[in-house]
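Computed from a prediction, not measured in an experiment: that's the story for all the values here.
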Amino acid sequence: MQHTAYSIQKSEAQNETTSNNRLTARSAQHAAAFKLTVHCSKLVAILCLFLFSGCYSFKDVSIPPAVRTFHLDLIGNTARYVNPQLSPQITDKLRQKIVNQTRLSPAPENGHFEISGTITEYNVSTSGISPNSQTGQQTASISRLTVGIKLTLKNTLDPNDPKTNFEASVSRNFDFDANLSLTQAEPQLNESIIKMMVDEMFNRIFSNW
(Lines give C-alpha, C1' and ligand atoms only; values in the text may rest on other atoms or scores of the structure.)
Protein backbone atom coordinates (compact mmCIF):
# COMPACT_ATOMS: atom_id res chain seq x y z
CA MET A 1 0.00 0.00 0.00
CA GLN A 2 2.82 2.36 0.87
CA HIS A 3 4.51 1.54 -2.42
CA THR A 4 1.24 2.20 -4.29
CA ALA A 5 0.69 5.54 -2.52
CA TYR A 6 4.26 6.54 -3.26
CA SER A 7 3.75 5.65 -6.93
CA ILE A 8 0.59 7.72 -7.07
CA GLN A 9 2.30 10.71 -5.44
CA LYS A 10 5.27 10.37 -7.77
CA SER A 11 2.95 10.19 -10.78
CA GLU A 12 1.04 13.28 -9.62
CA ALA A 13 4.30 15.12 -9.10
CA GLN A 14 5.48 14.17 -12.56
CA ASN A 15 2.16 15.31 -14.07
CA GLU A 16 2.39 18.60 -12.19
CA THR A 17 5.96 19.08 -13.38
CA THR A 18 4.93 18.29 -16.96
CA SER A 19 2.01 20.71 -16.72
CA ASN A 20 4.27 23.43 -15.33
CA ASN A 21 6.76 22.81 -18.11
CA ARG A 22 3.97 23.14 -20.69
CA LEU A 23 2.77 26.38 -19.13
CA THR A 24 6.32 27.69 -19.08
CA ALA A 25 6.77 26.71 -22.74
CA ARG A 26 3.49 28.39 -23.70
CA SER A 27 4.44 31.53 -21.81
CA ALA A 28 7.77 31.58 -23.58
CA GLN A 29 6.00 31.14 -26.94
CA HIS A 30 3.58 33.97 -26.15
CA ALA A 31 6.44 36.22 -25.05
CA ALA A 32 8.36 35.43 -28.22
CA ALA A 33 5.27 36.11 -30.35
CA PHE A 34 4.70 39.42 -28.57
CA LYS A 35 8.31 40.47 -29.10
CA LEU A 36 8.03 39.54 -32.78
CA THR A 37 4.83 41.59 -33.13
CA VAL A 38 6.44 44.62 -31.50
CA HIS A 39 9.50 44.24 -33.69
CA CYS A 40 7.39 44.02 -36.85
CA SER A 41 5.36 47.07 -35.80
CA LYS A 42 8.56 49.04 -35.34
CA LEU A 43 9.80 47.94 -38.76
CA VAL A 44 6.51 48.98 -40.38
CA ALA A 45 6.65 52.38 -38.65
CA ILE A 46 10.25 52.91 -39.77
CA LEU A 47 9.38 51.88 -43.31
CA CYS A 48 6.41 54.29 -43.43
CA LEU A 49 8.58 57.09 -42.06
CA PHE A 50 11.18 56.38 -44.72
CA LEU A 51 8.66 56.26 -47.54
CA PHE A 52 6.86 59.46 -46.59
CA SER A 53 9.73 61.52 -45.25
CA GLY A 54 9.94 63.36 -48.56
CA CYS A 55 6.50 64.96 -48.40
CA TYR A 56 3.79 66.11 -46.06
CA SER A 57 0.38 64.47 -46.37
CA PHE A 58 -2.92 65.60 -44.89
CA LYS A 59 -6.38 64.82 -46.25
CA ASP A 60 -4.95 63.74 -49.63
CA VAL A 61 -2.79 66.87 -49.72
CA SER A 62 0.89 66.60 -50.63
CA ILE A 63 3.29 69.43 -49.84
CA PRO A 64 7.11 69.43 -49.87
CA PRO A 65 8.35 69.65 -46.26
CA ALA A 66 10.28 72.88 -46.80
CA VAL A 67 7.19 74.72 -48.05
CA ARG A 68 5.50 76.50 -45.15
CA THR A 69 3.83 79.62 -46.56
CA PHE A 70 1.74 80.66 -49.54
CA HIS A 71 0.77 83.90 -51.20
CA LEU A 72 -2.43 84.10 -53.23
CA ASP A 73 -2.93 86.97 -55.65
CA LEU A 74 -6.41 88.28 -56.34
CA ILE A 75 -7.91 86.08 -59.06
CA GLY A 76 -8.13 88.21 -62.20
CA ASN A 77 -10.97 88.25 -64.73
CA THR A 78 -10.46 88.59 -68.48
CA ALA A 79 -13.62 86.77 -69.61
CA ARG A 80 -15.79 88.36 -72.27
CA TYR A 81 -18.62 88.65 -69.75
CA VAL A 82 -17.47 89.61 -66.26
CA ASN A 83 -19.33 88.48 -63.16
CA PRO A 84 -17.95 91.01 -60.63
CA GLN A 85 -18.62 88.74 -57.63
CA LEU A 86 -16.52 85.81 -58.77
CA SER A 87 -13.01 87.23 -58.59
CA PRO A 88 -12.97 88.37 -54.93
CA GLN A 89 -15.15 85.51 -53.66
CA ILE A 90 -13.16 82.74 -55.36
CA THR A 91 -9.94 84.31 -54.06
CA ASP A 92 -11.25 84.50 -50.50
CA LYS A 93 -12.68 80.96 -50.49
CA LEU A 94 -9.51 79.46 -51.96
CA ARG A 95 -7.41 81.21 -49.32
CA GLN A 96 -9.69 79.88 -46.56
CA LYS A 97 -9.54 76.35 -47.95
CA ILE A 98 -5.74 76.36 -48.07
CA VAL A 99 -5.53 77.63 -44.48
CA ASN A 100 -8.10 75.13 -43.20
CA GLN A 101 -6.93 72.03 -45.08
CA THR A 102 -3.15 72.41 -45.18
CA ARG A 103 -0.43 73.45 -42.75
CA LEU A 104 0.56 76.43 -44.90
CA SER A 105 0.34 79.94 -43.49
CA PRO A 106 -0.68 82.91 -45.66
CA ALA A 107 2.02 85.46 -46.43
CA PRO A 108 1.40 89.05 -47.56
CA GLU A 109 4.06 88.55 -50.25
CA ASN A 110 6.93 86.27 -51.27
CA GLY A 111 5.31 83.01 -50.12
CA HIS A 112 7.02 79.69 -50.64
CA PHE A 113 4.07 78.87 -52.91
CA GLU A 114 3.02 81.75 -55.16
CA ILE A 115 -0.51 81.14 -56.47
CA SER A 116 -2.34 83.21 -59.06
CA GLY A 117 -5.17 82.74 -61.50
CA THR A 118 -7.39 84.42 -64.06
CA ILE A 119 -11.00 83.77 -65.01
CA THR A 120 -10.67 83.37 -68.78
CA GLU A 121 -14.00 81.79 -69.69
CA TYR A 122 -17.56 82.66 -68.72
CA ASN A 123 -19.69 81.59 -71.66
CA VAL A 124 -23.28 80.40 -72.14
CA SER A 125 -24.27 77.75 -74.67
CA THR A 126 -27.27 75.50 -75.32
CA SER A 127 -27.08 72.17 -73.54
CA GLY A 128 -30.53 70.66 -74.20
CA ILE A 129 -33.35 71.14 -76.68
CA SER A 130 -36.97 70.02 -76.73
CA PRO A 131 -39.86 70.32 -79.23
CA ASN A 132 -42.20 73.27 -78.85
CA SER A 133 -45.74 71.92 -78.52
CA GLN A 134 -47.19 75.01 -80.19
CA THR A 135 -44.83 75.50 -83.13
CA GLY A 136 -43.45 71.99 -83.44
CA GLN A 137 -39.93 73.43 -83.69
CA GLN A 138 -36.95 72.58 -81.51
CA THR A 139 -36.25 75.11 -78.80
CA ALA A 140 -33.58 75.35 -76.14
CA SER A 141 -34.61 73.84 -72.80
CA ILE A 142 -31.31 73.92 -70.92
CA SER A 143 -28.57 76.53 -71.03
CA ARG A 144 -25.01 75.76 -69.93
CA LEU A 145 -22.61 78.20 -68.35
CA THR A 146 -18.94 77.22 -68.71
CA VAL A 147 -16.50 78.79 -66.27
CA GLY A 148 -12.77 78.43 -66.88
CA ILE A 149 -9.78 79.60 -64.85
CA LYS A 150 -6.12 79.66 -65.85
CA LEU A 151 -4.11 78.72 -62.75
CA THR A 152 -0.42 79.38 -62.05
CA LEU A 153 1.65 77.84 -59.24
CA LYS A 154 5.27 78.78 -58.49
CA ASN A 155 7.47 77.17 -55.87
CA THR A 156 9.96 79.88 -54.93
CA LEU A 157 12.10 77.38 -52.99
CA ASP A 158 12.44 74.99 -55.90
CA PRO A 159 11.64 76.71 -59.21
CA ASN A 160 12.80 73.69 -61.24
CA ASP A 161 10.33 71.21 -59.76
CA PRO A 162 7.70 70.57 -62.48
CA LYS A 163 5.19 69.29 -59.94
CA THR A 164 5.06 72.59 -58.07
CA ASN A 165 5.74 74.99 -60.94
CA PHE A 166 3.11 74.94 -63.64
CA GLU A 167 0.25 76.59 -65.46
CA ALA A 168 -3.02 74.71 -65.83
CA SER A 169 -6.59 75.37 -66.89
CA VAL A 170 -9.56 74.19 -64.85
CA SER A 171 -13.20 74.47 -65.90
CA ARG A 172 -16.69 73.34 -64.91
CA ASN A 173 -20.14 73.45 -66.52
CA PHE A 174 -23.27 74.74 -64.77
CA ASP A 175 -26.69 74.09 -66.32
CA PHE A 176 -29.79 76.22 -65.82
CA ASP A 177 -33.26 76.67 -67.27
CA ALA A 178 -33.10 78.16 -70.75
CA ASN A 179 -36.11 80.33 -69.93
CA LEU A 180 -33.87 82.30 -67.59
CA SER A 181 -31.36 84.87 -68.69
CA LEU A 182 -27.82 84.59 -67.36
CA THR A 183 -28.45 87.59 -65.11
CA GLN A 184 -31.49 85.83 -63.66
CA ALA A 185 -29.65 82.51 -63.22
CA GLU A 186 -26.48 83.87 -61.63
CA PRO A 187 -27.91 84.34 -58.10
CA GLN A 188 -28.83 80.63 -58.11
CA LEU A 189 -25.53 79.51 -59.60
CA ASN A 190 -22.98 81.69 -57.81
CA GLU A 191 -22.60 79.53 -54.69
CA SER A 192 -22.07 76.36 -56.76
CA ILE A 193 -19.70 78.12 -59.14
CA ILE A 194 -17.50 79.43 -56.32
CA LYS A 195 -17.39 76.10 -54.45
CA MET A 196 -16.72 73.97 -57.54
CA MET A 197 -14.06 76.25 -59.00
CA VAL A 198 -12.27 76.56 -55.64
CA ASP A 199 -12.29 72.77 -55.28
CA GLU A 200 -10.92 72.37 -58.83
CA MET A 201 -8.09 74.83 -58.19
CA PHE A 202 -7.22 73.38 -54.78
CA ASN A 203 -7.10 69.82 -56.10
CA ARG A 204 -4.96 70.85 -59.04
CA ILE A 205 -2.47 72.59 -56.75
CA PHE A 206 -2.20 70.04 -53.96
CA SER A 207 -3.67 66.67 -54.93
CA ASN A 208 -2.95 66.11 -58.59
CA TRP A 209 0.73 65.16 -58.50
Side-chain angles (χ1 to χ4, degrees), residues 55 57-63 67 70-104 106-107 111-155 161-209:
C55 68
S57 295
F58 177 74
K59 292 183 180 179
D60 297 329
V61 172
S62 296
I63 303 173
V67 175
F70 75 96
H71 172 70
L72 174 62
D73 285 332
L74 177 68
I75 303 299
N77 198 333
T78 61
R80 181 181 302 177
Y81 176 88
V82 175
N83 179 339
Q85 299 182 51
L86 286 188
S87 177
Q89 291 187 7
I90 288 178
T91 303
D92 184 58
K93 292 297 184 182
L94 179 57
R95 182 181 290 108
Q96 290 180 26
K97 190 175 181 71
I98 295 174
V99 170
N100 292 336
Q101 297 193 19
T102 76
R103 59 175 170 78
L104 301 184
H112 295 160
F113 269 5
E114 287 285 335
I115 304 168
S116 59
T118 303
I119 301 170
T120 57
E121 189 176 9
Y122 197 82
N123 303 323
V124 176
S125 60
T126 298
S127 174
I129 57 175
S130 60
N132 189 307
S133 59
Q134 296 180 350
T135 64
Q137 296 179 347
Q138 300 286 337
T139 59
S141 60
I142 299 175
S143 293
R144 171 166 292 173
L145 172 64
T146 300
V147 182
I149 295 179
K150 183 178 180 181
L151 175 67
T152 301
L153 173 65
K154 294 180 180 179
N155 182 351
D161 178 15
K163 293 181 178 180
T164 54
N165 294 274
F166 61 79
E167 291 184 353
S169 295
V170 296
S171 65
R172 290 293 294 265
N173 296 322
F174 304 89
D175 292 345
F176 60 94
D177 191 329
N179 293 321
L180 299 177
S181 67
L182 178 57
T183 303
Q184 292 172 324
E186 279 177 329
Q188 305 172 17
L189 297 176
N190 273 345
E191 184 175 349
S192 295
I193 292 173
I194 293 166
K195 181 182 184 306
M196 295 298 181
M197 297 310 298
V198 166
D199 287 346
E200 290 285 343
M201 296 173 71
F202 182 90
N203 291 337
R204 185 63 185 87
I205 295 169
F206 296 107
S207 304
N208 202 27
W209 297 4

- Query: Under the side-chain contact (heavy atoms from CB on, under 4.5 Å) criterion, do Val147 and Arg172 qualify, and how do the steps go?
  - Reply: CA-CA 6 Å; Val147 182; Arg172 290 293 294 265; 5.8 Å; no
- Message: Under the criterion side-chain contact (heavy atoms from CB on, under 4.5 Å), I'd like the reasoning laid out for Arg204 against Phe166: C-alpha separation, chi angles, the key distance, then a yes or no.
- Response: CA-CA 10 Å; Arg204 185 63 185 87; Phe166 61 79; 3.6 Å; yes
Within this structure, what is the [atom1]-[atom2] distance for the pair [X] and [Y], rounded to the nearest 0.5 Å?
X      : Y      : atom1 : atom2 : value
Lys93  : Glu191 : NZ    : CD    : 8.5 Å
Phe176 : Leu189 : CZ    : CG    : 6.5 Å
Ile142 : Ser125 : CD1   : OG    : 11.0 Å
Glu186 : Ser181 : CD    : OG    : 8.5 Å
Lys195 : Ile90  : NZ    : CD1   : 13.0 Å
Thr102 : Ile63  : OG1   : CD1   : 4.5 Å

- Is the number of heavy atoms from other residues, nucleotides or ligands under 6.0 Å of Lys97 NZ greater than 12? yes
Test your reading of the model: is there a side-chain donor-acceptor pair from [X] to the backbone of [Y], 3.5 Å cut-off?
X      : Y      : result
Thr91  : Ile75  : yes
Gln188 : Ala185 : no
Asn123 : Thr146 : no
Asn100 : Gln96  : yes

How close do [X] and [Y] get, counting heavy atoms only, and between which atoms?
X      : Y      : value
His71  : Gly111 : CB-N, 3.8 Å
Ser141 : Asp177 : O-OD1, 3.9 Å
Ser87  : Ile119 : N-CD1, 4.1 Å
Asp161 : Asn165 : O-ND2, 2.8 Å
Gly148 : Ser171 : CA-CB, 3.9 Å
Ile149 : Met201 : CD1-SD, 3.8 Å

- Which residue, Ile205, Leu153, Ile98, forms the side-chain contact (heavy atoms from CB on, under 4.5 Å) with Phe70? Ile98
- Message: Show, in sequence, the C-alpha distance, side-chain angles and deciding distance for Gln89 and Val198, and conclude whether the side-chain contact (heavy atoms from CB on, under 4.5 Å) test is met.
- Response: CA-CA 10 Å; Gln89 291 187 7; Val198 166; over 6 Å; no
- Classify the angle between the aromatic ring planes of Phe206 and Phe113 as parallel (below 30°), tilted (30 to 60°) or perpendicular (above 60°). tilted
- Message: Testing Thr183, Asn190, Asn77 one by one against Asn83 for a side-chain hydrogen bond (donor to acceptor under 3.5 Å, both in side chains), which residue passes?
- Response: Asn190
- Verdict with reasoning, Ile115 to Leu151, per side-chain contact (heavy atoms from CB on, under 4.5 Å): CA-CA 8 Å; Ile115 304 168; Leu151 175 67; 4.1 Å; yes
- Query: Would you say the side chain of Val99 lies within less than 4.5 Å of the side chain of Pro106, judging by non-hydrogen atoms?
  - Reply: yes
